[in-house]
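Here the structure is laid out as structure tokens; the discussion comes afterwards.
In what follows, every chain begins at residue 1, and chains take the letters A, B, ... in the order their sequences are listed. Note that the coordinates shown come from a computational prediction; the quantities given were computed from them, not determined experimentally.
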Amino acid sequence: GAGVSQSPSNKVTEKGKDVELRCDPISGHTALYWYRQSLGQGLEFLIYFQGNSAPDKSGLPSDRFSAERTGGSVSTLTIQRTQQEDSAVYLCASSSPLGVTRTEQYFGPGTRLTVT
Amino acid sequence: AQSVAQPEDQVNVAEGNPLTVKCTYSVSGNPYLFWYVQYPNRGLQFLLKYITGDNLVKGSYGFEAEFNKSQTSFHLKKPSALVSDSALYFCAVRTNNYGQNFVFGPGTRLSVLP
């Protein structure tokens, strides 16, 4: 079946512009996660959705970052007034509601954001 | 608070030799432990997990990991490394708490030399 998809795959934007990154989770997956990964580095947690609510958004680095999820499916991560330090790969993952805390995450291919 | 440590940034091993990538964790409660692999320019792929039961779990591509509760470790192993195993490996932990998230380790870069 289809995996997690993300769009765009690459985004180049000018400093100060707003960007929207999209994540389509696997159908039926109620949990959705956003991470940020700098080149070849570890994962930085951003936000976690269970359904449309976000039990944990502690990782959002500033109020320029926001995320929403509607209909328990697609999620959008918005970065306002982008800065060069926002350049990274943004990864989305989803997981099944069955035994929700026991299931692994399935990751999308990521969106590479470059702020010039 | 949950935390995961991967004490080695880089592991080098010769092809055909056994490999070990180390992971230790700290949680309150029973841990659920996961290993993921990231090949160059790719997203993360699930390798294996420990939830309960047998301490030795087997996963994809011939990898296995052993849960050791007393040492709070979950080391990833493979009896015979392949050059194609070269990648970035992440250990992750969570608990049976609905609101809690996964916590990932910093990653270990494995290089298998021909």
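- Residue contact with chain B, scored on non-hydrogen atoms closer than 4.5 Å, is absent for A:E44.
- Heavy atoms of B:L44 lying under 4.5 Å from chain A belong to its backbone as well as its side chain.
- Salt bridge status for B:R109 with B:D9: absent, with no side-chain N to carboxylate O gap under 4.0 Å.
- Of all heavy-atom pairs between B:Y25 and B:S73, the closest is CE2-N, 3.5 Å.
- Put simply, B:Y50 and B:V37 are part of the same group of oily side chains (I, L, V, M, F, W, Y) that touch within less than 4.5 Å, one to the next.
- When heavy atoms are compared at a cutoff of 4.5 Å, A:Y106 does not approach chain B at all.
- When heavy atoms are compared at a cutoff of 4.5 Å, B:Q6 does not approach chain A at all.
- Only the side chain of A:L91 comes within contact range of chain B, judged by heavy atoms closer than 4.5 Å.
- Closest heavy-atom contact between B:E15 and B:P114: OE1-CA, 3.9 Å.
- Closest approach of B:C23 and B:V4 over heavy atoms only: SG-CG1, 3.7 Å.
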